[in-house]
Amino acid sequence: MPVTVIGGYLGSGKTTLVNHLLRNANGRRLAILVNEFGELPIDADLIEADDGDVISLTGGCVCCSYGNDLMMALMDMAKMEPRPDHIILETSGVALPGAIAGSVSLLNDYVLDGILVLADAGNIEERANDKYMSDTILRQLADADIVLLNKTDLIEEEQKGSLVDWLREKSGAASILETQNSILPIEIALQSFTHDDGFSADRSTHSTSQFETKFYSFSAPTQTQALAQELAGLSQIVRAKGFVPNENGKLKTLQLVGQRFEITPAPENVEAGLVVIGVKPLPDLSHALTGI
Amino acid sequence: MTTIYRAKKIITMNPARPVATHVAVRDGRILGAGSLAELEGWGDYTLDERFSDKVIMPGLVEGHSHAMEGTLWRYTYLGYFDRMDPNGKVWSGLDNIEGVLERLKEADAKLEDPDTPLPGWSLDPIYFNNERVTREDLDKVSTTRPVGIMHASGHILNVNSKALELAGLLKTGLNNPGVPLGKDGLPTGELKGPDVMTPVGMHVGFDRDMLACDEQGLVDFAKLCVRSGVTTATDLAARLPDDAVDMMSRVTARENYPARIVPLRFHHGVTPQELIAHVLELKKKTSDRLRLGMIKVVVDGSIQGFSARLRWPGYYNGAENGLWYISPEHLQDIINSSLEHNIHIHTHTNGDEATELVLDCMEEGLLKHPSRDHRFTLQHCQLADASQFRRMRKLGMCVNLFANHHFYWGDEHYNLTVGPERAERMNACATALENDVPMAIHSDAPITPLGPLFTAWCAVNRLTASGRTQGEAEKIDVDEALYAITLGAAYTLKLDGEVGSIETGKRADFAVLEDDPESVGGDKLKDVAVWGTVQDGRIFPASEL
Ligand SMILES: [Zn+2]
């Protein structure tokens, strides 16, 4: 079962993200593992039954707390029938997500897909200077495959620029995605970052990676076919995946590997957004993406 | 019905009459200590002379132990030091890997089913030049059954090939700092850290049921208490679900259960609100021999596991700083709510940065909820410096220092973890007392053996296993050490009005000794023989357990 680890300090929006993913599960049976229930006040309308250890959620999703015994909880979950399609492991605010991911990778029933670390745009730099929490926060950022710079509505545009630069320095090769209210398409949140040779607990191989991932959102229609052809023509781009609004404003699924791409109707209830993975530095794609 | 016991000497811990020859007991409580003539005034009595050649002192109080030690003794003991099991058998210490394998083979021969797991415990390779036990070594014990050895520190597990195979880890390509690999690219069988240990541990018998204390374990733990003169012991800590509490209530209520157990509720896995609500419920279930209603909060890891949080300049060998097990916000929340509801907290901090955080949170919490007598206790608190002890005093906190650690891992701390200067001030008993911080000392059994007289010896002599005196300035004297293992520890549990001294009105809890700890000399405290205990007036000779 694929596992995505969601880390980040208290108040960074982990809970909101988990609720958002549950709402947009689109038939995926998600299993949410949280350090403690209290950190996850799951929106009441998503809860179908609460029998103490396991909360049943709409769409066949479940939520369990693991306290200090993550490995036992994961081993219990592997026995669950029916099997969840994807595990979302929300860490405690002080946990190091890389270490947790390293442990997950020891269990044969699981594959690590990626580590998403949330950063509250309003206070991440302050937190990173905290007397007690500084190194913990920095280690969390360094562990990330994606840093979700959240609550960007709370800061000024130029402040955001320097914050992104700072995060880039602290988080190595992680892609930095900006959001408000933890809104991130589920396909991007739960994408796989694992290398073919399996997950490396030593994140340094990742941080020296020559690849870069970028996330684009769309506010206007695009010429989807032309966009795909342009991306396919750029040798730096290795993969692209997401949902793109076409000329009529209809969302299409765009999947691209190397020079091959496929455009198909998008499933319902997905959000527009495209993740592009390629060799650093990715070219400026804004003209192709801004649409008609 | 009054019984007057005559003893060779009674050490009372009551400064008004520090020694006596007789103690009168009625209904499990002490009428008084003094001369026979003085006690005759209480009316009809039976004179019991069985202790007339013994020394009696207040029943010893272990302020930081885990009842799990009782359970561990069902597994094969592989430690470097001689250690007594609940039945009084002394297992000789093992000083090389061959000896360890030999003892495991003996245990293996007693098992009929070739698949039954074989767990051992208390291995400490630092005493054999850090030579590691490998998968291949343990394969010599068995290739059919999973074999696993837990280290004394509790942070490392060594297993055989079968155990790795059952956990699906006998393969190449693993890349995890907790799983060292051999030249063949396969795991060496050493597993470091709880997350790495768990998936393999469950196959060798170290599963979650074992780590919680079960019924037999609780009974065996009490036997160890009797053998070490302990009449009150903490179980620090557990989740305390209803079925475990029911079991503990039932077992401790038995007519012949010889100890008072004080289990603390672990903070993990629930929100502060749920934690407080649970503990308030637990308080209602408290009984004479099962005292419920306290909380333990774990703030950081351990020093020898490099997971304790240290202040600058950190670890001597340059290791990265340790791990927080709770956020400052969460800790503050638990402290505030506990002060508000008058719930007693003990915090686990090993590193001085973790201690500093607790002090900061206490300062903040007490501004919101002033409390005259909270007695929140810093457990382990191994690296606190003088300024931190001064803050503890001002904030009304107590400390329970890990005196035994100094003996078992003091050399390691000196050479590797914190370096010479801080190793010498570790577990700073003298500084605590100098600053009037109420102090206890502990074993953290099963990490080190339950035995407050040994713990007192450690605090008085500060010898390391290699025989060096480490931290002359932090030695305390015998009286101070004996106080720490009786009234000192009782005070940290708010039980000093009931136990910890032999005086009118208190529980008839005694440690019955063959020698006089006040006169044998500080260097021989650990050799003081324990005859048994009296608990709530009930007599428990160690020889008849
Ligand atoms: Zn402990």
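Chain letters run A, B, ... following the sequence lines, proteins first, then strands; residues in each count from 1.
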> Rounded to the nearest 0.5 Å, what separates atom OG1 in B:T198 from atom CG in A:L70?
9.0 Å
> Which value, rounded to the nearest 0.5 Å, describes the distance between A:S92 atom OG and B:I326 atom CD1?
9.5 Å
> Flag the pair A:K131 and B:E353 as a salt bridge only when some basic side-chain nitrogen lies within less than 4.0 angstrom of an acidic carboxylate oxygen.
no
> Does the pair A:D135/B:R309 count as a salt bridge with the N-to-O cut at 4.0 Å?
yes
> Quick one: pull up CG in B:L331 and OH in A:Y132 and give me the separation to the nearest 0.5 Å.
10.0 Å
> For A:L106, which atoms come within 4.5 Å of any heavy atom of chain B: side chain, backbone, both, or neither?
both
> Distance from A:S65 atom OG to B:H268 atom NE2, nearest 0.5 Å?
12.0 Å
> Pick one of side chain, backbone, both or neither for A:L96, based on which atoms fall under 4.5 Å of a heavy atom in chain B.
side chain
> Could you look at B:Q273 and say if it's the side chain, the backbone, both or neither that has a heavy atom under 4.5 Å from chain A?
neither
> Identify the two heavy atoms, one from B:P199 and one from A:L107, that lie closest to each other, and give their separation to 0.1 Å.
CB-CD2, 3.7 Å
> Let me know if B:L323 has heavy atoms under 4.5 Å from chain A in its side chain, its backbone, both or neither.
side chain
> Can you tell me how far the CD atom of B:E329 sits from the OH atom of A:Y9, to the nearest 0.5 Å?
3.5 Å
> Check whether B:A167 gets within reach of chain A through its side chain, its backbone, both or neither, counting any heavy atom under 4.5 Å.
backbone
> Side chain from CB out, backbone as N, CA, C, O: work out which of these in B:V179 comes under 4.5 Å of a heavy atom of chain A, or both, or neither.
side chain
> Looking at B:P328 and A:M133, what are the two nearest heavy atoms and their distance?
CD-CE, 3.2 Å
> Does a side-chain heavy-atom distance below 4.5 Å link B:M197 with A:M71?
no
> For B:D195 and A:S103, indicate whether the former's side chain and the latter's backbone hold a donor-acceptor pair under 3.5 Å.
no
> Any heavy-atom pair between the side chains of A:V94 and B:Y325 that's under 4.5 Å?
no
